[in-house]
Amino acid sequence: MPDDILTRFVPMRREEMLARGWDSIDILIVTGDAYVDHPSFGPPLIARVLMDAGYRVGIAAQPDWKNPDSLKTFGRPLLGCGIAGGNIDSMLKIYTAGRRIRREDMYSPGGRTGLCPPHATVVYSQLARRAFPGLPIILGGVEASLRRLAHYDYWQDKMRPSVLVDSKADLLCFGMGELTVLEIFDRIRRGLPLSGIPGTCRYLGGRESEAFKPGDMCVELPSFEEIASDKSAIMRQTKIAEAEMNPWSGRRLLQRTNSRLLCVEPPRPPMTTRQFDKFSELPFTFLPHWSYGETIPAWEMIKDSITVVRGCPGGCAFCGIVCHQGRHIVSRSPESVARTAKKISRKKFFKGSISDLGGAAGNIYFHRPKNPETCKKCRRPSCLFPNICPNYGIDEKPLMRLLDKIKSLPNIKRVFINSGIRLDLALMQPELTEKIIAGHVSGQLSVAPEHLDGGVLALMRKGKPGEFEQFRKVFDSVNGKTGKKQYIVPYFISNFPGCTEKQMESVEKYLAKSNWNPRQVQDFIPLPMTMGCAMYCSEQLPDGTPIKVNKGLAERRIQRDMLHLGNRGTKSARKPAKP
């Protein structure tokens, strides 16, 4: 073991804490994932941000959730405990769309299952409360973000209150939390109250709830009790929440739960490029913690990738990215990306290829509003649907220059775009699209048409019919010029709310005609806070129009099987299967 190995990572073992000359820690970060010291992993990123600010931080990765002593490696933290379920919602990580346990956990050593509990944020919070009575407990991460309001849990098939209510934590941090956690722990350190912090939620006590004066900058949501008893209430909540997601003009949300108030502050404005650069360039090792004897599959996928953009302008009805990262795009500077690429290229695992320069999409780098002030008043849920916003600025040159810059660096032979690219934007950026296809595809290019029927695409808030075929022609044309044999990997969704069997046939027939058996097929999962989830639960569109929703596994199997080559055109794909 190298002499400095104990100080390369955020401490996960006591000897690492002592090697840094610490006798205790200020903050413990608990996560449902294995510890991979890479900026694509949220909890290690937050830990690095806090350490950079001068805090002594430890990580408890996948602790034994039945034993409070598993959190006591470093003793009692002096300031607080941060809890995160991991890089994705723990229920999505553990269970399939068919509500069966997955065979592999991509975020665990060796892909082993059972190391992260269901509803990890709640479980770990309660574990920390038992381990450290009276210590401030702060929730964060994707799971907490998407479950910050009353929500539907697909795997339990029930409505649940805010995760803050079930966890009994002191505060919930939602969205991309670097700046928020710095403010939270600065206030804790100085003994200041935690009220009014942008990007946070509090569950007020009984007396405070009674005394609370809403004011003009507050809007009240349907109560948890209403949402639990009236299936249309979740649609009302989602429409309000979407309208108040603008960090500059959004209002505080209030939700009554068990006779108390949940108070959700407006989102925090996105960080600047300079801040994004700084946080991305903290001293990450880009490796799993040295104590692991097995490979973490998720690390294998992202180890030589670089996140260059945050946020997503799409606002697709099935996706939770906007609820967590927001619509407003922040991009890293080319100089910062180049420094990270050089660092990765010196790692032993590096084989000459940067696997991805991306984010929520692979072709939105340095897209910016033409007038930022106009964006600060906007309440649209999507910049691109139903039509592209006139204020949305598309510029294909920055990514083209970035690709050239990174490819010209020593030891880097290839630079790929593996984040799925948006078809609507690809058709509006012809030079960039041709450049990506010609020189930055690793043999397969991921695209996400999601569907081919215009009516379903409108329900999804996703592009327009015909875009996939237009893009395919461009793809084939460029491959013809270059002589490369490359393939499109399309991503389709079955059983989206309102999608009929007849509409699904448009995808089935296209695939059959093309003799195509797509590997990326997702049976719709209603993620908390998304419009798709509200449509699934309420069985109606945002305007109140009733829709048909397939909910039972037997009902859902019909459309799912229509997308698989072995079932297309057979009777089994046309009649309900036995449960």
Side-chain angles (χ1 to χ4, degrees), residues 10 37-55 57 140 173-187 197-200 246-248 266-286 305-313 321-322 324-345 354 356-376 383 391-406 409 415 419:
V10 179
D37 196 40
H38 191 290
S40 294
F41 283 69
L45 171 58
I46 294 299
R48 286 287 185 186
V49 168
L50 290 167
M51 283 183 66
D52 181 67
Y55 296 100
V57 183
C173 166
F174 65 87
M176 307 307 286
E178 294 95 334
L179 299 176
T180 306
V181 296
L182 289 174
E183 181 172 354
I184 290 169
F185 283 106
D186 180 63
R187 289 201 190 188
I197 301 175
T200 66
N246 190 313
W248 294 281
R268 179 175 292 275
M271 67 177 68
T272 64
T273 289
R274 185 175 180 179
Q275 290 168 326
F276 192 9
D277 288 351
K278 176 185 175 181
F279 295 144
S280 299
E281 292 188 67
L282 293 173
F284 295 96
T285 64
F286 291 86
S305 69
I306 305 174
T307 300
V308 300
V309 65
R310 286 254 186 103
C312 182
I321 291 178
V322 168
H324 183 59
Q325 294 191 12
R327 286 187 293 112
H328 304 278
I329 293 173
V330 181
S331 303
R332 287 179 65 183
S333 70
E335 296 76 19
S336 174
V337 177
R339 287 191 291 269
T340 297
K342 289 178 183 177
K343 184 174 180 179
I344 291 175
S345 72
I354 296 294
D356 189 27
L357 297 178
N363 55 347
I364 58 175
Y365 180 71
F366 261 107
H367 286 192
R368 291 181 282 193
K370 298 171 183 176
N371 181 353
E373 295 304 311
T374 300
C375 273
K376 293 181 179 180
C383 303
N391 195 45
Y392 184 82
I394 297 175
D395 187 353
E396 57 189 337
K397 299 300 183 184
L399 183 53
M400 294 175 70
R401 290 193 293 266
L402 180 66
L403 289 167
D404 290 339
K405 184 181 184 71
I406 303 306
L409 296 175
V415 180
S419 294

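Taking Thr374 as the reference, Asn371, Asn391 meet the side chain to side chain contact (heavy atoms under 4.5 Å, CB included) condition, with sequence neighbours excluded. Remark: Arg187 engages Glu183 in a side chain to side chain donor-acceptor pair (under 3.5 Å) (not counting sequence neighbours). With sequence neighbours left out, the side chain to side chain donor-acceptor pair (under 3.5 Å) criterion links Asn246 to no other residue. By the salt bridge (Lys or Arg N to Asp or Glu O under 4.0 Å) test, Lys370 is found to be paired with no residue, residues two or more places apart in sequence or in another chain being considered. Under the salt bridge (Lys or Arg N to Asp or Glu O under 4.0 Å) criterion, Asp395 pairs with no residue at all, not counting sequence neighbours. For Val309, the side chain to side chain contact (heavy atoms under 4.5 Å, CB included) criterion is met by Ile329, Ser331, Ile364, not counting sequence neighbours. With sequence neighbours left out, His328 forms a side chain to side chain donor-acceptor pair (under 3.5 Å) with no residue at all. The side chain to side chain contact (heavy atoms under 4.5 Å, CB included) search around Pro267 returns Phe174, Pro247, not counting sequence neighbours. Partners of Lys376 by salt bridge (Lys or Arg N to Asp or Glu O under 4.0 Å), not counting sequence neighbours, listed by chain and number: Glu373. Applying the salt bridge (Lys or Arg N to Asp or Glu O under 4.0 Å) criterion to Arg401, with sequence neighbours excluded, gives no partner residue. Residues satisfying the side chain to side chain contact (heavy atoms under 4.5 Å, CB included) criterion with Pro39, sequence neighbours excluded, are Phe284, Phe286. Listed by chain and number, the residues in a side chain to side chain donor-acceptor pair (under 3.5 Å) with Thr285 are Asp37 (sequence neighbours excluded).
The shortest side-chain heavy-atom distance between Cys173 and Ile184 falls under the 4.5 Å cut-off. No side-chain heavy atom of Pro44 sits under 4.5 Å from any side-chain heavy atom of His38. Taking the side chain as every heavy atom from C-beta outward, Arg339 and Glu281 approach each other to under 4.5 Å.
Residue Gly199 comes nearest to Thr180 through the heavy atom pair O-CG2, 4.0 Å, listed as atom of the first residue, atom of the second, then distance. Across every non-hydrogen atom of Val330 and Pro270, the tightest pair is CG2-CB, 3.6 Å. For the residue pair Ala338 and Leu409, the shortest heavy atom distance occurs at O-CD1, 3.8 Å. Between Gly362 and Leu399 the shortest heavy-atom distance is O-CD2, 3.3 Å. Here the shortest heavy-atom pairing between Leu182 and Tyr55 reads O-OH, 4.4 Å.
Note that the OG atom of Ser419 and the CG atom of Leu357 stand 8.5 Å from one another [nearest 0.5 Å]. Atom CD1 in Ile394 sits 9.0 Å away from atom CG in Asn363 (nearest 0.5 Å). Atom CE of Met271 and atom CE of Met176 lie 7.0 Å apart (nearest 0.5 Å). Between Glu178 atom CD and Phe276 atom CZ the span is 8.0 Å, to the nearest 0.5 Å.
The only member of Thr307, Thr340, Thr273 that meets side-chain hydrogen bond (donor to acceptor under 3.5 Å, both in side chains) when paired with Arg332 is Thr340.
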Check against side-chain contact (heavy atoms from CB on, under 4.5 Å), Tyr365 and Leu403: CA-CA 11 Å; Tyr365 180 71; Leu403 289 167; over 6 Å; no

Residue pair Gln325, Cys312: steps toward the side-chain contact (heavy atoms from CB on, under 4.5 Å) verdict: CA-CA 7 Å; Gln325 294 191 12; Cys312 182; 5.8 Å; no

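The 12-atom threshold is not exceeded at NZ of Lys278, counting heavy atoms of other residues, nucleotides or ligands nearer than 6.0 Å.
Not one N or O on the side chain of Asp356 forms a donor-acceptor pair closer than 3.5 Å with the backbone of Ser305. Checked by atom type and distance alone, the side chain of Arg268 never pairs as donor or acceptor with a backbone atom of Gly177 at under 3.5 Å.
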